[in-house]
Amino acid sequence: MKAAPFNYVRAETLAQALDILAEHGEGARILSGGQSLAPALNLRLAAPELIVDIGGLAALRYISFAEGRLRIGALTRHIDLLRSEEIARHCSLLTSAVAHVAHPAIRNRGTIGGSLAHADPAAELPACMLALDATIVVTGPASERRIAARDFFLGVYETALRPGEVLTSIDIKGIGSSKTYGFAELARRPGDFAIVGLALAADRRGTTLSNLRLAFFGVGERPTLATLTAATLEGKAHLRQYLDAAQAALREELNPFADAHATIAMRRHLAGVLLERVLQQALETPA
Ligand code: FAD
């Protein structure tokens, strides 16, 4: 199938993109890396009148770290995250996660902003944002809004973005040497969207984890923080003794769906398996 006819404009500046978006309202659609939008156009799942290509806005492609704060421009590509020494040093969760995103050709073009705006419930980066308690920065015609990741993802392909707004950056605070991470997912083949996945972020002292955030993906309509499960492990010395209780809490807390890839029971079981794996990783990471 081929895309329905559309007009195309390549924005030279963010201000120009915002003006065009304001003028065309819901008939316009932003293009970043095109790795999700182009298939949607070709399958005629989307048929905008106008494509506003922001992919060339170099000012939105950056990674910066200072004083425990990581800022990532929306047009930072998956490959940039994967190759960044700064990300590997300060926030290895993203390095681990992005290695699971699709394949090299898609990682070369796809962007973090596009992935978050697309909000696929089985995608890796939205769950990482939840685990990292990130703030998503969006810019509209008149002002900027800062939205906590937990309020940003609303449902399947649905976010808090309003028409005319551009996701411009991601702000992650509280990064430091006490942080530890874990990431694991189960997919049919490497590069496929996950059947179930889990991103973990916490502060670690010895074998104790605090501020533990467990963000599951592929189990519901949006990435899900397993707060009750985290509470069974929070601040506990000898964490492994509490694994059975945590897995029991997880079975209660998660409300997964069934599809062609897995039954509800299988997803619940796999989530428990991943919990054990990421806890192991988080405790093994040098503190
Ligand atoms: P686009 O395709 O350009 O845009 C996606 C959507 O977001 C569009 O609706 C667009 O209007 C909107 N948008 C884009 N940028 C912005 C912005 N800055 N502000 C507001 N709205 C914006 N992803 C995974 O996470 N895991 C996978 O395993 C995975 N596997 C894939 C396999 C295949 C075969 C393909 C084709 C894609 C796969 N993807 C996967 C998707 C890939 O990660 C995309 O790169 C990503 O979802 C979208 O990023 P993009 O920059 O290409 O966005």
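We count ligands from 1, going down the list as the structure has it; atoms in each ligand are counted the same way. In what follows, every heavy atom counts, from backbone to side chain, and hydrogens, waters and symmetry copies are set aside.
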Visitor: Within the 4.5 Å heavy-atom criterion, are F153 and P121 side-chain neighbours or not?
Guide: no
Visitor: For a quick check: using heavy atoms under 4.0 Å, what are the residues in contact with ligand 1, sorted by chain and number?
Guide: R29, I30, L31, S32, G33, G34, Q35, S36, L37, I54, H78, H100, V101, A102, I106, G110, T111, G114, S115, A117, H118, A123, E124, L161, V166, L167, G191, D192, F193
Visitor: Can you list every side-chain hydrogen bond (donor to acceptor under 3.5 Å, both in side chains) pair that touches residues 5-33, not counting sequence neighbours?
Guide: Y8-D53, R10-D53
Visitor: Identify every side-chain donor-acceptor pair in residues 262-271 under 3.5 Å, counting partners at least two apart or on other chains, and give the distances.
Guide:
{"unit_1": "T263", "atom_1": "OG1", "unit_2": "M266", "atom_2": "N", "d": "3.0"}
{"unit_1": "R267", "atom_1": "NE", "unit_2": "I195", "atom_2": "O", "d": "3.1"}
{"unit_1": "R267", "atom_1": "NE", "unit_2": "G218", "atom_2": "O", "d": "3.0"}
{"unit_1": "R267", "atom_1": "NH1", "unit_2": "F257", "atom_2": "O", "d": "2.9"}
{"unit_1": "R267", "atom_1": "NH1", "unit_2": "D259", "atom_2": "OD1", "d": "3.2"}
{"unit_1": "R267", "atom_1": "NH1", "unit_2": "A262", "atom_2": "O", "d": "3.2"}
{"unit_1": "R267", "atom_1": "NH2", "unit_2": "D259", "atom_2": "OD1", "d": "3.3"}
{"unit_1": "R267", "atom_1": "NH2", "unit_2": "D259", "atom_2": "OD2", "d": "3.1"}
{"unit_1": "R268", "atom_1": "NE", "unit_2": "R251", "atom_2": "O", "d": "3.0"}
{"unit_1": "R268", "atom_1": "NE", "unit_2": "L254", "atom_2": "O", "d": "3.4"}
{"unit_1": "R268", "atom_1": "NH2", "unit_2": "L254", "atom_2": "O", "d": "3.3"}

Visitor: When you look at CZ of R44, are more than 12 heavy atoms from neighbouring residues, nucleotides or ligands closer to it than 6.0 Å?
Guide: yes
Visitor: Kindly write out the residues that satisfy ring-ring contact (aromatic ring centres under 6.0 Å, His included) with Y242, not counting sequence neighbours, or none if the list is empty.
Guide: none
Visitor: Would you say Q247 and L275 make side-chain contact, with heavy atoms under 4.5 Å?
Guide: yes
